[in-house]
Amino acid sequence: MRSETPAVPVDDSAPGDGLVKIGVIVFAVGAVATLVTVAPLFLGTDPFPTVAYLVSMLMGVGFLLAAAGVLRSVAAQRRQARSGQTA
């Protein structure tokens, strides 16, 4: 019976999961932009404009978003553990 789909959808997402997912996507965009902006240095072609280098900064922004999501998840788990102890 456990293999059946439940009638009510189960919400397995914890607080901060959305921030982690968005952070991973933003980090990936920044990583690709970094690879693209570094490639002309190895290929001997003209460097990209400054905007391309600014897009590569998204790597750090994505990392910060993901870290904020992890910290939010940790805080929610700690609150849940404390409420379990007092009950």
Side-chain angles (χ1 to χ4, degrees):
M1 285 298 193
R2 288 182 178 235
S3 64
E4 294 179 6
T5 305
V8 178
V10 179
D11 185 20
D12 287 340
S13 64
D17 283 354
L19 276 175
V20 172
K21 290 177 186 175
I22 291 170
V24 167
I25 292 168
V26 171
F27 183 87
V29 169
V32 169
T34 301
L35 291 174
V36 168
T37 54
V38 171
L41 299 174
F42 295 112
L43 300 175
T45 60
D46 293 332
F48 286 105
T50 306
V51 175
Y53 291 97
L54 293 176
V55 172
S56 68
M57 298 292 179
L58 288 177
M59 230 167 117
V61 173
F63 182 79
L64 289 175
L65 283 171
V70 168
L71 291 175
R72 186 173 178 194
S73 178
V74 167
Q77 289 177 2
R78 292 184 83 183
R79 279 192 301 270
Q80 186 180 13
R82 283 187 189 144
S83 67
Q85 279 182 340
T86 58

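Index from 1, following the sequence. Since we're looking at a predicted model, the values are computed, not measured.
In terms of heavy-atom proximity, Ser56 sits nearest to Thr34 at CB-OG1, 3.3 Å. The minimum heavy-atom distance linking Ala33 with Ala52 is given by the pair CB-O, 4.5 Å. What you find for Ala76 and Pro15 is that their closest heavy atoms are CB-CG, 3.6 Å.
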Apply side-chain contact (heavy atoms from CB on, under 4.5 Å) to the pair Phe48 and Val36, showing each step before the final yes or no.
CA-CA 9 Å; Phe48 286 105; Val36 168; 3.7 Å; yes

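Under a hydrophobic clustering in which Ile, Leu, Val, Met, Phe, Trp and Tyr are joined whenever their side-chain heavy atoms come within less than 4.5 Å, directly or via other members, Leu58 and Leu64 fall into different clusters. Note on Val26: it does not cluster hydrophobically with Phe63, by side-chain heavy-atom contacts below 4.5 Å among ILVMFWY residues. Both Val20 and Val74 are assigned to one and the same hydrophobic cluster, defined by single-linkage of ILVMFWY side chains at heavy-atom distances under 4.5 Å. Side-chain heavy atoms closer than 4.5 Å link hydrophobic residues (I, L, V, M, F, W, Y) into clusters, and following such links, even through other members, never connects Val24 to Val29.
Counting heavy atoms from C-beta outward, Ile25 and Ile22 have side chains that stay 4.5 Å or more apart.
With rounding to the nearest 0.5 angstrom, the CG atom of Leu41 is 7.5 Å from the OG1 atom of Thr37.
The backbone N or O of Gly69 sits nowhere less than 3.5 Å from a side-chain atom of Ser73 that would complete a donor-acceptor pair.
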